[in-house]
Structures are given as structure tokens and as C-alpha cells.
Amino acid sequence: MMTILVVDDEADMEPLLLRRFRKQLRDGAWRFLFARDGEMALERLASERGAVDLVATDIKMPRMDGLTLLSEMRKAGYDLPVVVISAFGDMANIRTAMNRGAVDFLLKPFDLNDLEATLKKVLATYQERKKTERLKENFLAHVSHELRTPLSGIIGLSDALLTQDDSAQLSSGVRKDLKLISASGRRLSRLVCDLMDFSLLQHGEMQLRCTAVSLDSLARLVLDGIRPLLRERSVSLEMDIPSLPDLWADEDRLQQILYNLIGNAVKFTQAGTITLSAEQVEGGVLLTVADSGVGLSEAQRAELQENRELAPQDRAGGLGLGLPITHQLLALHESRLEIASNTPHGSRFSFTLPLADGRAGDQSARQEPLPLLKEPAVGASMRLDEKEVEEVWKHQVDGAPQATILVVDDEPVNLRVAAHQLRHAGYRVVMAASGEEAMGIMERDSPHLVLLDLMMPGMNGFEVCRHLREIYDHAALPILVLTASHRPSDLVRALSLGANDYLVKPFFRQELLARIHAHLQVRDNERLKWEIGRRIEIEEAMRRLLSLTDKPPISSNAMDPSRSTSAQVSPKSDMRELLPHIMQLSVTLWELQDGESKISLAEQSGLWRVQLDRDTYRTRTLDKYLEPHTVPTHPRWNNVVKTAHFVLAQRKACTPAQRGALQAALDQFEALMGR
């Protein structure tokens with residue numbers, strides 16, 4: 001169904017179109033929406049959330065006219081075909097409408113057949129364009145995925161050779177070449193990421209996650225990441241940021257904006273100074289990146305200001321996606337990049353962001369920004385803090401139990417990279433080349449964490465994640481997805497199926513190890529909490545066992561032969577009274593062994609059903625026999641007796657007093673069954 005929004009203040013337009021196109025409406029091919037002016041049209045577009053396929057608008061209307069509507073649609077990012085239908089058919093109006101995004105123009109009064117032909121033509125062209133765009137998006141997604149897989153191997157193996165124990169034996173020339181290979185791989189990786197970011201921004205699919213951001217901390221991280229790009233140039237990186245309140249922004253995207261702007265300044269500044277400054281102004285904080293480079297001509301500045309990056313032949317080359325991405329990221333922040341230059345005396349790039357103003361809640365809980373993980377350009381001097389990084393990881397691994405990590409990936413090079421990086425960090429690594437092999441390993445081994453690829457033949461990563469979550473909860477088995485897919489839908493799907501975290505290939509070794517360490521630490525904390533709770537449960541079970549041993553299991557009437565027959569409780573009633581007593585003793589005796597519960601009793605005995613309810617295993621049928629008032633009308637006598645015998649057979653190490661209480665209750669029950 002194609003949805004057409006008609007914007008016209010004439011009252012007879014709606015009934016005219018509904019009557020003329022009733023066949024298309026009846027067949028469900030078309031759907032019409034109506035608005036009386038531009039403001040109402042923008043409201044309808046917002047409420048329909050992308051459902052509108054074409055806009056047909058008049059020019060002369062109250063409040064907001066059609067030409068203004070075209071401008072506002074362009075500002076809001078609506079990529080829709082617009083047909084202008086108006087009595088004002090002079091060349092100036094036609095030229096203005098076409099310049100603002102209209103694709104066709106009809107003069108009033110119009111012929112309804114001409115209108116139908118125009119709408120069909122425009123809709124067909126729009127559908128074909130959308131189909132082509134989808135093909136381009138799918139092609140880009142597949143190409144980026146295929147590029148990331150070998151890039152991950154190139155970067156990972158290069159870094160592994162540089163960090164393994166015998167790396168000191170490598171000559172300085174070999175080490176320099178390995179660093180160059182790694183840097184080249186990261187540069188290509190950044191280009192792939194830029195292409196994907198640009199595609200997401202073009203189609204309005206990128207979402208911001210705004211929080212309170214400390215500009216001072218973030219700026220220092222960005223400058224530290226930029227310094228390797230300076231190489232041997234006589235360029236000074238400076239920061240002029242006074243004490244300012246927190247900004248309200250997406251921290252990762254603000255980091256990307258600053259990196260793009262300062263990186264752009266580095267490319268065009270051979271000597272002099274690059275300064276990142278900030279000052280509080282009305283409406284927020286003004287941030288400026290100023291350089292003393294070659295500057296921009298007025299024509300270059302105008303083109304850059306309109307979302308395009310111009311890279312003349314006498315300047316640094318490259319694809320030129322940095323500034324277009326910056327423009328659109330700032331637009332998402334409801335800001336705008338302002339460019340000023342005075343050739344040849346450098347350039348100034350400025351933008352304004354709002355203050356947090358308490359919107360993030362308790363600022364004391366705000367975390368410091370994560371380290372900037374950006375790659376230096378090829379040829380840059382690689383001033384990596386490798387020794388410092390290795391010392392950190394040595395400190396974290398030494399003295400700790402060796403954790404087992406299962407790596408699942410169908411690419412042999414990715415498995416090799418993971419083995420290098422994880423074993424060097426002190427972890428035990430188990431590898432699986434398919435989802436089926438991973439599930440088999442899970443049955444034989446007990447890994448502490450799973451690194452899982454998503455795109456695999458046969459059982460893919462999504463299926464593996466779903467199956468694992470049916471058995472293990474998030475705390476018991478962290479799942480960290482490593483994928484070359486950059487699609488938000490894939491990542492959201494993985495997280496919804498139970499993944500704890502994800503990294504997009506190629507990833508940085510330091511970030512991978514940091515995330516593994518964090519998830520294992522959370523797992524250990526949860527395990528410690530469970531053990532403390534288990535100790536409390538065992539102590540409670542001991543107290544319950546003592547109390548159950550001291551009180552008579554059934555009524556005195558039932559066991560006193562001096563009572564008259566009419567006063568005695570029936571054997572069936574006596575047995576019902578004994579059932580919860582026997583089951584309580586059985587569960588308590590079973591739980592005295594560390595790590596066991598009534599869940600394991602039900603599973604190992606095979607007598608009771610275990611159900612999974614919201615990531616928690618429950619034994620609802622068994623639970624009915626733990627309290628007298630919940631025993632079913634028709635009890636499963638034999639299951640209770642078999643459970644008691646099973647526990648006595650499995651708990652021979654318990655003391656005679658502990659076993660004797662259950663045996664005595666069981667003997668009484670069996671005596672009642674036999675009389």
C-alpha cells in the first residue's frame with residue numbers, strides 16, 4: 001500500500017480525490033492522508049513515522065505555505081518525493097519548488113487523469129529508487145562484513161606477534177613493519193566504519209544515547225589519541241578549556257566529532273599550532289578547533305559548510321567522509337558546524353552543545369569516559385603504551401584462578417587470533433569452529449565465558465546464544481558477541497537473545513581483554529553472593545531438620561491403639577499428614593550437600609518435573625508436597641516414597657541421626673500403607 005499525503009486548504013480536495021481514486025482505495029493499493037497547511041502536514045509526517053510515500057502540496061496556504069513546507073521537510077531529513085499542485089505556475093515558483101526538493105509540478109485546475117498519471121509515475125520512480133537503495137545497503141553491509149573478517153586477522157595476528165613473550169627477539173625493522181601492518185589494517189577498518197556510519201546517518205537509523213559528559217576528561221583522551229598522527233611535524237596540540245559544567249551529548253559520538261575535526265586539522269597543518277578550546281555561551285558551550293594550516297578559500301569553505309568535504313589535489317587525499325559525518329552527527333545533537341578561514345592563516349571549526357542541567361540525574365554516579373580507541377594513520381610513529389598495557393594485564397591475571405574461555409568462530413584466522421591474545425593474557429582457551437561443535441563442548445566442558453561469532457553456517461550465533469540462555473543465566477555464563485556485522489538490528493537481536501555484550505570486528509586487544517575481565521569479575525561477584533546465600537540456606541536446613549526430628553510426624557490419635565475406632569483418623573488421612581513431613585525431610589537431607597538443591601533432586605531422581613520460568617528453574621509439582629495445605633487431592637504416594645529412598649541411597653555420608661529421622665518417617669508411612 002502506498003500512502004499519499006495531500007496538503008491543500010481547499011475543502012473540496014479531499015472528497016474529490018476519495019471519489020476519483022475509490023478503486024485504488026478499495027483494492028488497498030493507495031491510502032490518502034490530508035492536511036490543511038504546512039504545519040499540519042509536518043505533524044502528520046511525524047505521527048506516521050515513515051509510512052508516507054509521497055507528498056502532494058499546494059503553494060498558497062495559511063500559516064505555512066508549500067514552499068516553506070519543502071524547506072522544513074528538507075531540514076527535518078524527510079527524503080520523500082513531492083509533487084506541487086498549485087495555481088501559481090510562474091517560473092519563479094516552479095524554480096523555487098524544484099530547488100527545495102519537488103520532483104514535479106501540476107497547475108490548477110488540473111485534469112484528474114493527468115494527476116493519476118503523475119502520481120503513478122512518481123510513485124514508481126520512488127519505489128525503484130528505494131529498491132536500488134536497499135540493494136546498495138545490503139551490498140555495503142555484506143562488503144563491510146567480508147572486509148572486517150580478514151582485517152580482524154591482520155590486526156590481531158600483528159598485535160599478537162608484537163606482544164608475545166618472544167617478541168624481544170624480533171629485529172627493530174621487523175617490529176616496525178608489523179606496526180605498519182597493524183596501523184594500515186586499523187586505517188582500513190576506520191574507513192569501513194565511516195562508510196557504515198555514513199549509510200546509517202543518510203537513512204536516519206543512527207540513534208544517540210545522551211548523558212552528562214565531562215568535556216575536560218574527554219578532550220584529554222582525544223588529544224592523547226591524536227598525538228601519534230603528528231609524526232615528526234613541528235605541530236603543537238594545545239587545549240584551552242576552563243572549568244565547565246557537564247555537557248549533554250552522546251559521549252561516543254562527541255568523541256568521534258572531536259577526533260574527526262582535530263584529525264582533519266592535523267592533515268592540513270605542517271607546522272604551527274592546533275588548539276581545542278571551549279567557552280560557556282548562552283545556550284551551552286561553544287567548542288572550537290583552530291589550526292594554523294593552509295586554510296580554505298571562500299569556495300572551499302562554502303562547500304564544506306554544505307555537508308561536503310572538498311579535498312583538492314594539492315591537499316591530503318582520502319575519501320573525505322570525516323566532515324560529512326561530523327555535520328550529520330551535530331545535526332542529531334541539534335547543533336551546526338560553523339567554518340571560518342582566512343587563507344593561508346588557518347581555519348576554525350566551531351559548534352555549540354547544551355549543558356546537562358541535571359538532565360542526567362545524579363552526576364556523582366556518572367562514569368569517566370572510556371579510553372579513546374582510534375588508529376594512527378599509516379606512517380605515523382607508533383608510540384603505543386604496550387609495556388604499560390602488558391603490566392596491567394599481568395597484574396590482573398597473576399594470582400587469579402585460570403578462567404576458561406570458549407571461542408566460537410568458523411574462520412580459522414579468527415580462532416588463531418583469539419588463541420594468541422587470550423592465552424598471552426593468562427586464560428585457558430577452548431575453540432569451536434561451528435555452533436554444533438560449541439554446544440558439544442558445553443556438554444563436556446565448563447567454560448567461564450563464551451566469545452561468539454554471529455555469522456556461521458549451520459547453527460549460527462543467534463541460535464547458539466538462544467540455546468545457551470535456555471540453560472545458563474546471564475551471570476552464570478557471560479556471552480560476548482564478536483561480529484563483523486555493523487547492523488544495529490543484528491546487535492539488538494543478539495542482546496535480546498541473551499548476549500551480555502558485543503564487539504565489532506576488527507576490535508582492539510585491550511578493549512577485548514578489558515570487557516572479558518569486567519564480565520568475569522561480575523560473574524565471580526555473583527558466584528560469591530550465591531555461595532553466601534547457599535551457606536545461609538544450609539544453616540537454615542540444619543535448623544529445620546532438627547525441628548522436624550523433634551516433633552511427632554503424625555497425630556497421636558493415629559498411633560494410639562487405646563483410642564476407639566470412631567475417634568481414630570483414617571489411614572488415608574494419616575498418610576496425607578505424613579507426605580509433607582517426608583518430603584521436607586528428603587529435601588533438607590538432600591540440600592545438606594554443598595551445591596545441591598531441590599532442583600537437582602528433581603532432575604537426578606527423574607521423579608519430578610523441572611520447569612524454566614523467566615530464567616529461573618522451578619519444581620512446582622514437588623513444591624505441592626512440602627506443605628500440608630497444598631498436597632493434591634489425589635497425591636502421588638509412590639513418587640514421595642521413591643524420592644525418600646533415592647535420597648537415603650544418595651546421602652549415605654550423612655550422620656545416622658540425620659538419616660534416621662527420614663527413615664523413621666518413611667517406616668511409619670509404609671506401615672500405614674500396609675495396614
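This structure is a prediction, so every number in the text was calculated from the model and none was measured. For the numbers below, each heavy atom of this structure counts, side chains included, while hydrogens, waters and symmetry mates do not.
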Exercise: identify the closest heavy-atom pair between S350 and L286: CB-CD1, 4.0 Å
S335 (side chain) donor-acceptor with T352 (main chain) under 3.5 angstrom: yes
Test side chain to side chain contact (heavy atoms under 4.5 Å, CB included) applied to C465 and L452, step by step: CA-CA 8 Å; C465 190; L452 179 63; 4.0 Å; yes
Minimum heavy-atom distance L512-L503, with the two atoms named: CA-CD1, 3.7 Å
CZ (R348) with more than 12 external heavy atoms under 6.0 Å: no
Flag for D501-H519: side-chain donor and acceptor within less than 3.5 Å: yes
Side-chain heavy atoms of M73 within contact of L80, under 4.5 Å: yes
Heavy-atom check, side chain of E128 versus side chain of T132, under 4.5 Å: yes
Separation of L353 CG from L287 CG (nearest 0.5 Å): 6.0 Å
Contacts of R220 that satisfy side-chain contact (heavy atoms from CB on, under 4.5 Å) - sequence neighbours left out: D216, M239
Residue pair L254 / A249: nearest heavy atoms and the distance that separates them: CD2-CB, 4.3 Å
N500 (side chain) donor-acceptor with I479 (main chain) under 3.5 angstrom: yes
Point-to-point distance, once rounded to the nearest 0.5 Å, from CG of D240 to OG1 of T275: 7.5 Å
Minimum side-chain heavy-atom gap M456-F462 below 4.5 Å: no
Residues E338 and R336 bridged, charged N to O under 4.0 Å: yes
Gap between atom OG1 of T273 and atom CD of E238 - 0.5 Å precision: 5.0 Å
Residue pair R74, D79: steps toward the salt bridge (charged side-chain N to carboxylate O under 4.0 Å, His left out) verdict: CA-CA 7 Å; R74 186 175 181 182; D79 182 23; over 6 Å; no
D246 side chain to A356 backbone, donor-acceptor under 3.5 Å: no
Residues L454, N460; criterion side chain to side chain contact (heavy atoms under 4.5 Å, CB included); working and verdict: CA-CA 6 Å; L454 290 181; N460 60 36; over 6 Å; no
Flag side-chain contact, heavy atom, 4.5 Å: Y78 against L45: yes
OH-CG distance between Y502 and L480, expressed to the nearest 0.5 angstrom: 11.0 Å
Nearest atoms (heavy-atom pairs only) where L215 meets A278: CD2-CB, 3.6 Å
Side chain to side chain contact (heavy atoms under 4.5 Å, CB included) assessment of E279 paired with V285: CA-CA 6 Å; E279 61 176 312; V285 173; over 6 Å; no
Any donor-acceptor pair under 3.5 Å from N99 side chain to R95 backbone: yes
Under 3.5 Å donor-acceptor, S496 side chain and V492 backbone: yes
Heavy-atom closest pair, residues L223 and I262: CD2-CD1, 3.8 Å
Pairwise side-chain contact, W248 with V213, heavy-atom cut-off 4.5 Å (strictly under): no
D291/K267 ion pair, N-O < 4.0 Å: no
Taking every non-hydrogen atom, the tightest pair across L67 and R100: O-NH1, 3.0 Å
Candidate pair R253 and L332, rule side chain to side chain contact (heavy atoms under 4.5 Å, CB included), full reasoning: CA-CA 10 Å; R253 296 307 174 184; L332 288 177; over 6 Å; no
Any donor-acceptor pair under 3.5 Å from H448 side chain to L406 backbone: no
L422 side, atom CG; I516 side, atom CD1 - distance, nearest 0.5 Å: 4.5 Å
T96 side chain vs N93 backbone, donor-acceptor pair below 3.5 Å: no
Pairwise distance NE2(H327) to CD1(I325) - rounded to 0.5 angstrom: 11.5 Å
Heavy-atom check, side chain of L449 versus side chain of I405, under 4.5 Å: yes
Close side-chain approach of F349 to L337, heavy-atom, < 4.5 Å: yes
Validation row: L261, L323 side chains within 4.5 angstrom (heavy atoms): yes
